[in-house]
Protein chains: 2
Amino acid sequence: MKHDVPPDSIPPRGHEAKRASIMDAAGEVFCRESFAGANIDMIAAEAGVSRQTIYNHHGDKEKLFVAIVRDLTERCNAGIFATISTFPDQPKDLEADLIAFAVRMTRNCICNRDGKFLRKLIQTEGERYPELFAEWREQGPGRTWPAIAARFARLAHAGFLDIEDPDVAARQFQALANAELQTTFMLGGTPTDDEVLQSATHGVRTFLRAFAKRQPAADAQKHSALAGA
Amino acid sequence: MKHDVPPDSIPPRGHEAKRASIMDAAGEVFCRESFAGANIDMIAAEAGVSRQTIYNHHGDKEKLFVAIVRDLTERCNAGIFATISTFPDQPKDLEADLIAFAVRMTRNCICNRDGKFLRKLIQTEGERYPELFAEWREQGPGRTWPAIAARFARLAHAGFLDIEDPDVAARQFQALANAELQTTFMLGGTPTDDEVLQSATHGVRTFLRAFAKRQPAADAQKHSALAGA
DNA sequence: GACGAATTAGACAAGAGTGTCTAAATTTAT
DNA sequence: ATAAATTTAGACACTCTTGTCTAATTCGTC
């Protein structure tokens, strides 16, 4: 009798290990070589699996590719939402807290493996897969930008910022935080921790020069918390 | 006697037409299909030329690719420097002039054919051609960023802006101007004129909120010109 | 109109990659 | 231990692509 399968119950066990290993390797290879440049034997070798196993799991090269993009989109979204949940709603030190948030965003969502891979695949193959593209756009930017904007709106409402359009502010925040990393990103490189911190610091400072609530009195941010509450 | 060749004297004439036609088509196809996905027959067909002619002109696929990237880099740089030369050194209306400049930059250097193609090729194949990459980085960003920064430095020195680090300001200006176009660029799309204007307007406004010289009096910019001189 | 250079179509060999198939080996659970 | 499922290596047919070669044709020029 098979009624005692574990409650979670993904069928076998080594089976899933192979599957994960294939996904890993395929992401790496597709990203490095582009869809057309990648070949199944490379992926099989990198995954430590026979070519046939890949065909057993995924059918063909294109289905495998689609599975990779879906998987990366999901994982990246999860990471982004996790990071958004660390947004400083009640900042002690507005500048420091926003810098730290910007650094987390860049490091954990843009520079990490999944972020780099997804970005590259979208850039490289986005035009050839309109449906996949539409799906990513809805699930990714379509959901994350409003979430970030909502956090900035809250911060403004609490009296920390002087913002008219939270959507615009959210995009500008992100753009400023990564302003000095664009060339590196363009080439698929990974900036050092120090470069990330530099760019985030400069970016947040400029952001606050533009949007920090201006007080008549001197020491601004600390008191504005009271004003907002 | 052949001493009466025109002073400019690139050997033949229909020859050069073919060459240009090949470059055009190859750019298009490499960009659309990636290096590995492109094939010579496609390029030949799109150029209206026989496959052999391409081999006569360029030797092989890789040499052709390198020629394309060099060509695009040169043309893009020329466009960028031409646009930089329209930077408002003596603005009548700082906000309006900077917005117009940002729009020119985006439209003529980032959204145009060459800009789109070069960006995509760098993103897609940059990692596979380290020497080409190094060359582009030097000739492109390595020369254009300082040139833009110098313009902002001048504007600051003339009393229009309150900037500490012109290099940082230049990058932030560009980042802000395109902040709302990132998702579109990511997928190789071209934003509408209206979207470009929107993003530039919002970006420049934020930039000026951060960096415009703050005067005690009301109508600021007009007078600061005198102060700088 | 005639010459030489460039272009063309087409065939071609060589190589690489996809996706299928088979029979043997291995793993997993009963 | 045994039975079922999965994985494996290897061979295979097929397609596509590169880069070369040849002979005919077209083009630009004198």
Side-chain angles (χ1 to χ4, degrees), chain A residues 1-26 28-68 125 128-129, chain B residues 1-26 28-68 125 128-129:
Chain A
M1 287 102 187
K2 60 177 68 166
H3 54 66
D4 56 340
V5 276
D8 139 72
S9 96
I10 293 132
R13 221 168 288 306
H15 191 64
E16 282 307 310
K18 300 270 176 195
R19 180 172 225 92
S21 158
I22 292 170
M23 296 293 274
D24 270 17
E28 198 100 29
V29 174
F30 277 135
C31 192
R32 197 174 61 228
E33 313 283 345
S34 88
F35 180 79
N39 71 331
I40 303 287
D41 293 284
M42 265 186 229
I43 297 172
E46 201 137 327
V49 149
S50 81
R51 181 173 57 244
Q52 186 58 44
T53 299
I54 294 182
Y55 284 106
N56 288 343
H57 278 257
H58 291 99
D60 66 18
K61 190 180 174 182
E62 190 161 320
K63 289 203 191 73
L64 173 59
F65 179 75
V66 171
I68 298 294
E125 316 289 348
R128 200 194 319 291
Y129 294 86
Chain B
M1 290 103 184
K2 60 180 66 168
H3 55 67
D4 56 342
V5 277
D8 138 73
S9 96
I10 293 132
R13 223 166 285 307
H15 191 67
E16 282 307 309
K18 300 271 176 197
R19 182 172 224 91
S21 158
I22 291 170
M23 296 294 275
D24 270 17
E28 198 101 29
V29 174
F30 276 135
C31 192
R32 199 175 60 229
E33 313 283 347
S34 86
F35 179 80
N39 71 333
I40 303 288
D41 294 284
M42 264 186 230
I43 297 173
E46 200 138 327
V49 148
S50 81
R51 179 174 58 244
Q52 186 59 44
T53 299
I54 294 181
Y55 283 107
N56 289 344
H57 279 257
H58 290 99
D60 67 17
K61 190 181 174 182
E62 190 161 320
K63 289 202 191 76
L64 173 59
F65 179 75
V66 171
I68 299 294
E125 316 290 348
R128 199 195 318 290
Y129 293 86

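Below, chains carry the letters A, B, ... as their sequence lines are ordered, and counting in each starts from 1.
One distance of note links OG1 of B:T53 with CD1 of B:I43; it measures 13.0 Å at 0.5 Å rounding. How far NZ of B:K61 is from CG of B:N39: 7.0 Å, rounded to the nearest 0.5 Å.
With C:dA11, C:dT18, C:dT7 as the candidates, the nucleotide lying closest to the side chain of A:Y55 is C:dT18. Nearest nucleotide to the B:V49 side chain, out of C:dC21, C:dT8, C:dG19: C:dT8. Closest contact between the side chain of B:S50 and the listed nucleotides C:dT18, D:dT8, C:dT7 involves C:dT7. Distances were taken from every side-chain heavy atom of B:D41 (C-beta onward) to each of D:dG19, C:dT20, D:dT18; the shortest belongs to D:dT18. Across C:dA9, D:dG10, C:dA11, the shortest atom-to-atom separation from the side chain of B:Q52 is found for C:dA9. Of the candidate nucleotides C:dA11, D:dA11, C:dT18, C:dT18 has the atom nearest to the side chain of A:N39.
A:K18 has no side-chain polar atom (N or O) that falls below the 4.0 Å cut-off from OP1 or OP2 of C:dT27. Within the structure, every side-chain polar atom (N or O) of B:T53 is placed at least 4.0 Å from both OP1 and OP2 of C:dT7. OP1 or OP2 of C:dT7 sits under 4.0 Å from a side-chain N or O of B:H57.
B:K61 places its NZ atom 12 Å from the C1' atom of C:dA16, with the value rounded to the nearest Å. To the nearest angstrom, C1' of C:dT18 lies 17 Å from NE2 of A:H58. Rounding to whole angstrom units, NZ of residue B:K63 and C1' of D:dT18 are separated by 13 Å. Rounded to an integer number of Å, the gap from B:I40 CD1 to C:dC12 P is 22 Å. The CZ-C1' distance, from A:R51 to C:dT20, rounds to 10 Å in whole Å. Regarding A:E16, its CD atom lies at a distance of 13 Å from the P atom of C:dT28, rounded to whole Å. When the P atom of D:dT17 is taken as reference, atom CG of B:D60 falls 17 Å away, rounded to whole Å. Between the CD1 atom of A:I43 and the P atom of C:dT18 there is a distance of 8 Å, rounded to whole Å.
Note on B:A38: only backbone sugar-phosphate atoms sit closer than 4.0 angstrom, heavy atoms only; bases stay farther off.
Between A:F30 and A:F65, the ring planes lie perpendicular to each other; the angle is over 60°, past the 30° to 60° tilted range.
Taking the side chain as every heavy atom from C-beta outward, B:K63 and B:H57 never approach each other to under 4.5 Å.
Among all heavy-atom pairs drawn from B:A44 and B:S50, the shortest one is CB-C, 4.0 Å.
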